[in-house]
Amino acid sequence: MPGKQTGVMQRSIRSKVSRSGYSVSVYPTKTSQMGEVYYPAFVVYGHRGPNSETAREARQHRKRSGVKVAEPRANFIPVAAQRYQQTFQTVITAALDKAIK
């Protein structure tokens with residue numbers, strides 16, 4: 001999982017409740033603090049160092065050769081959702097029970 005150095009990526013995570021209120025979407029967004037680069041994608045997919053591809057590779061649309069500087073990591077949003085699934089379910093069930101009574 002990604003570490004926390006500045007907290008920019010943590011603050012970029014948003015949630016949206018559906019109209020019905022029965023589901024929630026959790027997703028990272030690009031913020032102004034990130035500058036031009038959307039770096040949650042680099043965490044999930046990994047990346048190579050700057051100028052690591054040849055001119056030929058840059059012209060062609062194919063898998064790049066070379067070693068990645070940062071290897072791909074697990075997508076942290078679904079992993080967190082799985083980890084806290086039981087907690088979410090308990091809280092939502094309790095809220096629905098309270099709302100129906």
Side-chain angles (χ1 to χ4, degrees):
M1 295 300 117
K4 181 178 173 183
Q5 292 179 355
T6 63
V8 172
M9 190 160 60
Q10 180 183 6
R11 289 189 297 275
S12 77
I13 296 174
R14 300 284 180 249
S15 62
K16 182 178 179 180
V17 179
S18 68
R19 285 186 182 214
S20 66
Y22 293 114
S23 65
V24 177
S25 296
V26 179
Y27 52 93
T29 60
K30 185 175 181 311
T31 64
S32 60
Q33 294 174 330
M34 291 181 187
E36 295 180 16
V37 180
Y38 178 68
Y39 57 79
F42 291 117
V43 172
V44 173
Y45 300 112
H47 64 91
R48 289 175 178 72
N51 303 321
S52 63
E53 64 187 6
T54 65
R56 180 179 177 202
E57 288 173 333
R59 288 190 306 268
Q60 296 177 341
H61 298 288
R62 63 180 186 161
K63 186 174 179 179
R64 308 294 189 229
S65 63
V67 178
K68 290 191 174 191
V69 175
E71 290 297 319
R73 299 183 189 179
N75 192 345
F76 55 96
I77 300 291
V79 172
Q82 287 292 328
R83 184 178 296 164
Y84 294 103
Q85 180 179 7
Q86 187 62 40
T87 305
F88 294 152
Q89 196 170 16
T90 303
V91 170
I92 289 174
T93 303
L96 287 173
D97 286 344
K98 185 177 177 182
I100 292 174
K101 289 182 182 179

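Keep in mind that the numbers below use all heavy atoms, side chains included, and drop hydrogens, waters and symmetry copies.
Counted by atom type alone, S23 and S18 present one or more donor-acceptor pairs between their side chains at under 3.5 Å.
The backbone N or O of G35 sits less than 3.5 Å from a side-chain atom of K30, completing a donor-acceptor pair. Although no hydrogens or angles enter the test, the distance criterion places a donor-acceptor pair under 3.5 Å between the side chain of T29 and the main chain of S12.
Cluster membership for V43 and Y27, using ILVMFWY side-chain heavy atoms within less than 4.5 angstrom, is not shared.
Atom CD of Q10 is separated from atom CD of Q5 by 13.0 Å, given to the nearest 0.5 angstrom.
When all heavy atoms of R11 and T6 are compared, the closest pair comes out as NH1-O, 3.5 Å. Residue M9 comes nearest to M34 through the heavy atom pair CA-CE, 4.5 Å, listed as atom of the first residue, atom of the second, then distance.
You'll find the side chain of V44 stays beyond 4.5 Å of the side chain of I77, heavy atoms only. Residues P78 and N75 have side chains in contact (heavy-atom distance under 4.5 Å, counting atoms from C-beta outward).
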Residues 80-92, side-chain donor-acceptor partners within the protein, below 3.5 Å, at least two apart:
{"from": "T90", "atom 1": "OG1", "to": "Q86", "atom 2": "O", "distance (Å)": "2.8"}

